[in-house]
Amino acid sequence: MNIINTAKNIILQLGFLSAFVLFSNHVKAQFHQIKNDVFWDTKDGKPIYSQGGGIFTFKDPDSGLEKYYWYGVHYKGAELYRANPAITQERTNFLDVSCYTSTDLVNWTMEEPVLTRAEIDKNFPRTGWVGRLGVAYVKSLKKYAMFVQHNDQVLITVADKPTGPFKWHQRISMKEAIGTSNTGDQTVFTDEDTGISYLVYSYGQGRNKIYISEIGEKNGKVDLLDCTQVFRGRGREGNCMFKYQGKYYLYASNLYGWDSSYAYYLVADDIRGPYTPTNKMLITQGSMEDYAHITQTGFFVNVKGSKQETVVFCGDRWSDFAGNGLGYNQWCPLSFEGEVPYFNSLNSWKLNESTGEWNVASDNNYVKNPSFEADRRHIPSPVKPIKEQLLAWHSKVLEGNVIVVADKDTPVLNYFNTEADRKHVIGEKSLNITDAISFKRKVFQTIESSPYVKLKDGNYHLTAKIKSSGTFQKLEMYAESGVDKKTHPINTHNNQWKTIEIKNVPVVNGKVEIGFVVYGDAEAHCWVDDVSFVNAQN
């Protein structure tokens with residue numbers, strides 16, 4: 001054997017191995033796009049139907065490698081709305097509990113349904129509601145346990161593998177523990193530092209109390225081991241939590257039924273509290289501009305990368321059944337100033353699961369509430385939430401009737417799109433600029449850098465869809481930044497939806513005002529929908 005040649009071969013092989021390792025790390029450490037406001041698919045193009053669930057990290061029984069397992073409810077209504085977003089469905093209709101797996105939180109593989117309607121029906125034939133759920137691993141029983149809202153109680157099903165199939169285990173009433181047989185809303189939270197899982201849930205009537213119960217084994221069965229009340233105050237739903245930098249964050253939404261909401265939170269050093277501020281939840285900054293990207297709180301995922309830890313807010317976009325935009329799952333990253341969280345409402349962003357880093361995608365739409373779906377009632381509204389203006393937008397009356405809550409002469413600021421409209425624009429609502437008398441009005445939104453998302457200086461494209469009727473003296477879209485203002489006169493005769501655009505809007509100092517100026521005769525109407533402000537380099 002030639003020692004010199006052998007040494008050369010070893011060196012070459014080591015060099016190749018080093019290059020391979022570097023290449024492998026480079027491939028793994030990629031930024032993958034998370035695009036909100038669209039329907040999601042698996043990596044092989046199958047529709048994702050997963051709501052009211054959670055993402056949990058378990059070892060794959062076959063490979064032994066850790067994976068993300070995303071569980072959620074699959075409703076027939078979700079299928080129907082996706083097939084035709086022009087119609088809001090009247091019912092949800094539970095089909096099964098779905099499961100998707102991933103190693104990077106973006107590219108998902110659909111597994112077989114983990115809990116079927118047939119499995120529930122053979123044990124309980126009168127199922128009406130199947131809702132929020134989560135999965136915990138019960139070590140003493142070597143079982144994966146799924147806790148599910150089921151009619152007026154909590155259903156527990158178990159499986160030998162994280163991909164199921166989950167089988168009926170027991171159905172428990174919460175009455176002895178909290179006074180109602182059902183939970184108001186619930187999720188499962190697993191503390192990665194201890195491996196212990198908990199059910200986080202609210203009181204079943206009024207939902208003005210929130211509880212935490214440890215999940216474990218009792219009398220040979222999976223059960224709840226205790227019950228600690230951690231909040232009593234205003235009604236809350238969408239209860240869920242995460243842990244960050246040693247602190248426990250308890251989250252919830254307003255009690256608005258299917259509607260979107262601010263994201264509320266409390267903080268504690270111990271999972272059982274005390275949570276502060278006492279019985280008074282704080283609003284997460286950044287969630288106020290568009291009701292947490294038009295969602296209810298769903299669950300959270302902690303991405304603990306090699307460079308940073310990112311907490312991802314996973315919101316559910318509900319309705320009965322949908323109508324409030326496209327996509328059921330809206331994920332946005334949180335930022336922190338000390339222990340204070342900040343909600344970054346993004347239409348499009350990128351996540352590197354390996355490093356934990358994230359950044360804003362080039363095609364992000366910086367407009368908040370761009371399709372006017374955040375407000376589920378006519379605005380101004382005297383019904384909760386009482387509101388005078390559309391969320392994220394301001395209507396300034398230059399001439400005409402003033403905008404006042406509960407005034408019979410006040411103009412209505414949003415329009416309920418017809419089925420015919422919704423074949424051209426997104427969702428149930430659009431901006432409505434009109435009055436019963438001659439009027440002059442300016443409707444605008446200021447877009448600017450936030451503490452964690454910069455509106456970079458440069459050129460952007462402003463687009464919107466417009467429809468109008470009646471007589472106008474002035475009708476235009478505009479964008480203004482610094483001393484530069486660009487306008488686009490709008491044809492006053494648009495009886496069909498038309499897309500208009502202002503190209504290459506210059507942004508300076510990270511701030512721009514966009515909007516519409518309308519001078520119209522009595523009963524003239526201008527409707528606006530699907531506004532976007534996107535970097536011109538996209």
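Only a predicted model underlies this, so the values are computations on that prediction, with no experimental measurement involved.
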| Could you go step by step and tell me if Asp363 and Ser348 meet the side-chain hydrogen bond (donor to acceptor under 3.5 Å, both in side chains) rule? | CA-CA 6 Å; Asp363 64 342; Ser348 185; 2.7 Å; yes
| Full working for side chain to side chain contact (heavy atoms under 4.5 Å, CB included) between Asn364 and Asn347 | CA-CA 5 Å; Asn364 179 62; Asn347 158 262; 3.4 Å; yes
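Checked against the 6.0 Å centroid threshold, Tyr291 and Tyr262 count as a close aromatic pair. Ring pair Tyr366/Phe533: centre-to-centre distance not below 6.0 Å. Annotation: Phe313 is in aromatic contact with Phe300 [ring centroid separation under 6.0 Å].
Partner of Phe321 under the ring pair (Phe, Tyr, Trp, His ring centres under 6.0 Å) criterion, out of Tyr49, Tyr81, Tyr75: Tyr75 alone. No option in Trp331, Phe58, Phe56 other than Trp331 meets the ring pair (Phe, Tyr, Trp, His ring centres under 6.0 Å) test with Trp70. Of the residues listed (Asn182, Thr183, Asn239), the one engaging Ser202 in a side chain to side chain donor-acceptor pair (under 3.5 Å) is Asn239, and it is the only one.
Evaluation of the salt bridge (Lys or Arg N to Asp or Glu O under 4.0 Å) rule for Asp41 yields Arg82 as partners, not counting sequence neighbours. Contacts of Asp37 classified as salt bridge (Lys or Arg N to Asp or Glu O under 4.0 Å), with partners at least two apart in sequence or in another chain: Arg317.
Contact record, Ser345 with Lys368: CB-CE, 3.7 Å, taken as the closest heavy-atom pair. Gly184 and Gln149 make their closest contact through O-NE2, 3.0 Å (heavy atoms, listed as atom of the first residue, atom of the second, distance).
Counted by atom type alone, Asn329 and Ser50 present zero donor-acceptor pairs between their side chains at under 3.5 Å. A side-chain donor-acceptor contact under 3.5 Å links Ser253 and Thr297. Side-chain N/O atoms of Gln330 and Thr295 include no donor and acceptor closer than 3.5 Å. Counting only N and O atoms by type, the side chains of Asn352 and Trp358 include no donor and acceptor under 3.5 Å apart. Remark: the Tyr68 side chain and the Glu353 side chain contain an N/O donor-acceptor pair separated by less than 3.5 Å.
A donor-acceptor distance shorter than 3.5 angstrom exists from the side chain of Thr310 to the backbone of Gly356, with no hydrogens or angles considered. Counting only distance, with no hydrogens or angles, the side chain of Asn123 and the backbone of Glu119 share a donor-acceptor pair below 3.5 Å.
Here Asp529 does not pair with Lys467 in a salt bridge; the nearest charged N to carboxylate O distance is not below 4.0 Å. Looking at Glu419 and Arg422, no side-chain N of the basic residue comes within less than 4.0 Å of a carboxylate O on the acidic one, giving no salt bridge.
A salt bridge (Lys or Arg N to Asp or Glu O under 4.0 Å) check over residues 229-239, counting only residues at least two apart or in different chains, returns the pairs Arg207-Glu237. Applying the side chain to side chain donor-acceptor pair (under 3.5 Å) rule to pairs touching residues 153-166 yields Lys143-Asp160, Gln153-Arg171, sequence neighbours excluded. The stretch residues 180-205 participates, sequence neighbours left out, in these ring pair (Phe, Tyr, Trp, His ring centres under 6.0 Å) pairs: Tyr201-Tyr211.
Using bins of under 30°, 30° to 60° and over 60° for the plane-to-plane angle, the ring pair Trp258/Trp318 lands in the tilted bin.
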Donor-acceptor pairs are to be reported for all side-chain atoms of residues 369-377 against protein atoms at under 3.5 Å, with residues two or more places apart or in another chain.
| residue | atom | partner | partner atom | Å |
| --- | --- | --- | --- | --- |
| Asn369 | OD1 | Phe372 | N | 3.3 |
| Asn369 | OD1 | Glu373 | N | 3.0 |
| Asn369 | OD1 | Ala374 | N | 3.1 |
| Asn369 | ND2 | Leu391 | O | 3.0 |
| Ser371 | OG | Asp530 | OD1 | 2.7 |
| Glu373 | OE1 | Glu428 | N | 3.0 |
| Glu373 | OE1 | Lys429 | N | 3.1 |
| Glu373 | OE2 | Lys429 | N | 3.2 |
| Asp375 | OD1 | Lys387 | NZ | 2.8 |
| Asp375 | OD2 | Leu391 | N | 2.9 |
| Arg376 | NH1 | Glu428 | OE1 | 3.1 |
| Arg376 | NH2 | Ser319 | OG | 2.6 |
| Arg376 | NH2 | Glu428 | OE1 | 3.3 |
| Arg377 | NH1 | Asp259 | OD2 | 3.4 |
| Arg377 | NH1 | Lys384 | O | 3.0 |

